[in-house]
Amino acid sequence: MSVGIFDSGLGGLTIWDAVTRALPELTVTYYGDNAHAPYGVREMDDIHALTNRAVHDMWDKGCDLVVLACNTASAAALRRMQEAGVPEGKRVLGVFVPLIEALTERNWGDNSPPREVDVQQVALFATPATVASRAFQRELAFRAIGVDVEAQACAGVVDAIEDGDMILAEALVRSHVDALRRKMPAPQAAVLGCTHYPLVQEAFQRALGDKVKLFSQADVVAASLSDYLARRPEMARGGAARMFTTGDPETVSARATQFLRRPLTFEAA
Ligand code: DGL
């Protein structure tokens, strides 16, 4: 009966926040698999199994459309789940394509051949599993030519955020940006390819400098979802908005409230 937003943990809240602001009438259910976060250091099969289980749980709880607000899950599980077939009337979508459409200045569903775009040197910051999957480069190659992507696997950042240790998270961001710059000294754009990273977006921007254009998913995904729902209004039926976690609801509620600066209450999934 509602749209569901899924993440391994707290990162998808950056998307949930943008979606609930852009579409205040929409009933949005959130689901964090905090008991198993981080996903980004797991094997692909393991990420697929966890994502598949959580998404089925969300469908059973009444979500019709589930957005994987998690790049790691999108990279490891989305295509496999779609190929395996989803139940009648249910959908699952990921977050890569809207981001790449924004980067390549394309509209939804523009399937024209790949073409040259404004940026040629792009830094990608993501989890080790997302970087290893090369899913971002694959999707980009369908849409753009002549773009050089240097990917930096940002080990440790998601753990630090899930633990609420923002000082460590910011220190790790600085060191990952330094490591990226040793490989690509002057990126024109940087993609935050993990939904946890907008929570340390300022640290990324400071470390990269003002000249580097940052692409982060929250607003891009919210805009793309409102576009989708305008074409598929049956996916946006009402219902009570709820927030579920596989972790400890009290701890997760406290962290979520601290990150988004609005009172949020999770219940056990
Ligand atoms: N927030 C997730 C992403 O966008 C994953 C983080 C993790 O669990 O490692 O990739």
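Start at 1 and go down the list; that is how both ligands and their atoms are numbered.
Judged as a ring-ring contact (aromatic ring centres under 6.0 Å, His included), the pairs with a partner in residues 115-137 (not counting sequence neighbours) are, in order, Phe125-Phe204.
A salt bridge is absent between Arg53 and Asp57: the closest approach of a Lys/Arg side-chain nitrogen to an acidic carboxylate oxygen does not fall below 4.0 angstrom.
With sequence neighbours left out, Arg21 forms a salt bridge (Lys or Arg N to Asp or Glu O under 4.0 Å) with Asp17. A search for side chain to side chain contact (heavy atoms under 4.5 Å, CB included) contacts involving Gln121 returns Asp148, Met184, Gln188, not counting sequence neighbours.
For the pair Arg42 (side chain) and His36 (backbone), a donor-acceptor distance under 3.5 Å is present.
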When you check ligand 1 against the protein, what N or O pairs turn up below 3.5 Å? List the atom names and distances, or just say none.
| from | atom 1 | to | atom 2 | distance (Å) |
| --- | --- | --- | --- | --- |
| ligand 1 | 1 (N) | Asp7 | OD1 | 3.1 |
| ligand 1 | 1 (N) | Thr195 | OG1 | 2.9 |
| ligand 1 | 1 (N) | His196 | ND1 | 2.7 |
| ligand 1 | 4 (O) | Asn71 | N | 2.8 |
| ligand 1 | 4 (O) | Asn71 | ND2 | 3.0 |
| ligand 1 | 4 (O) | Thr195 | N | 2.8 |
| ligand 1 | 4 (O) | Thr195 | OG1 | 3.2 |
| ligand 1 | 8 (O) | Ser8 | OG | 2.6 |
| ligand 1 | 8 (O) | Tyr39 | N | 2.6 |
| ligand 1 | 9 (O) | Tyr39 | N | 3.3 |
| ligand 1 | 9 (O) | Gly40 | N | 2.7 |
| ligand 1 | 10 (O) | Asn71 | N | 3.3 |
| ligand 1 | 10 (O) | Thr72 | N | 3.1 |
| ligand 1 | 10 (O) | Thr72 | OG1 | 2.6 |

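Across every non-hydrogen atom of Gln120 and Gly146, the tightest pair is CG-O, 3.6 Å.
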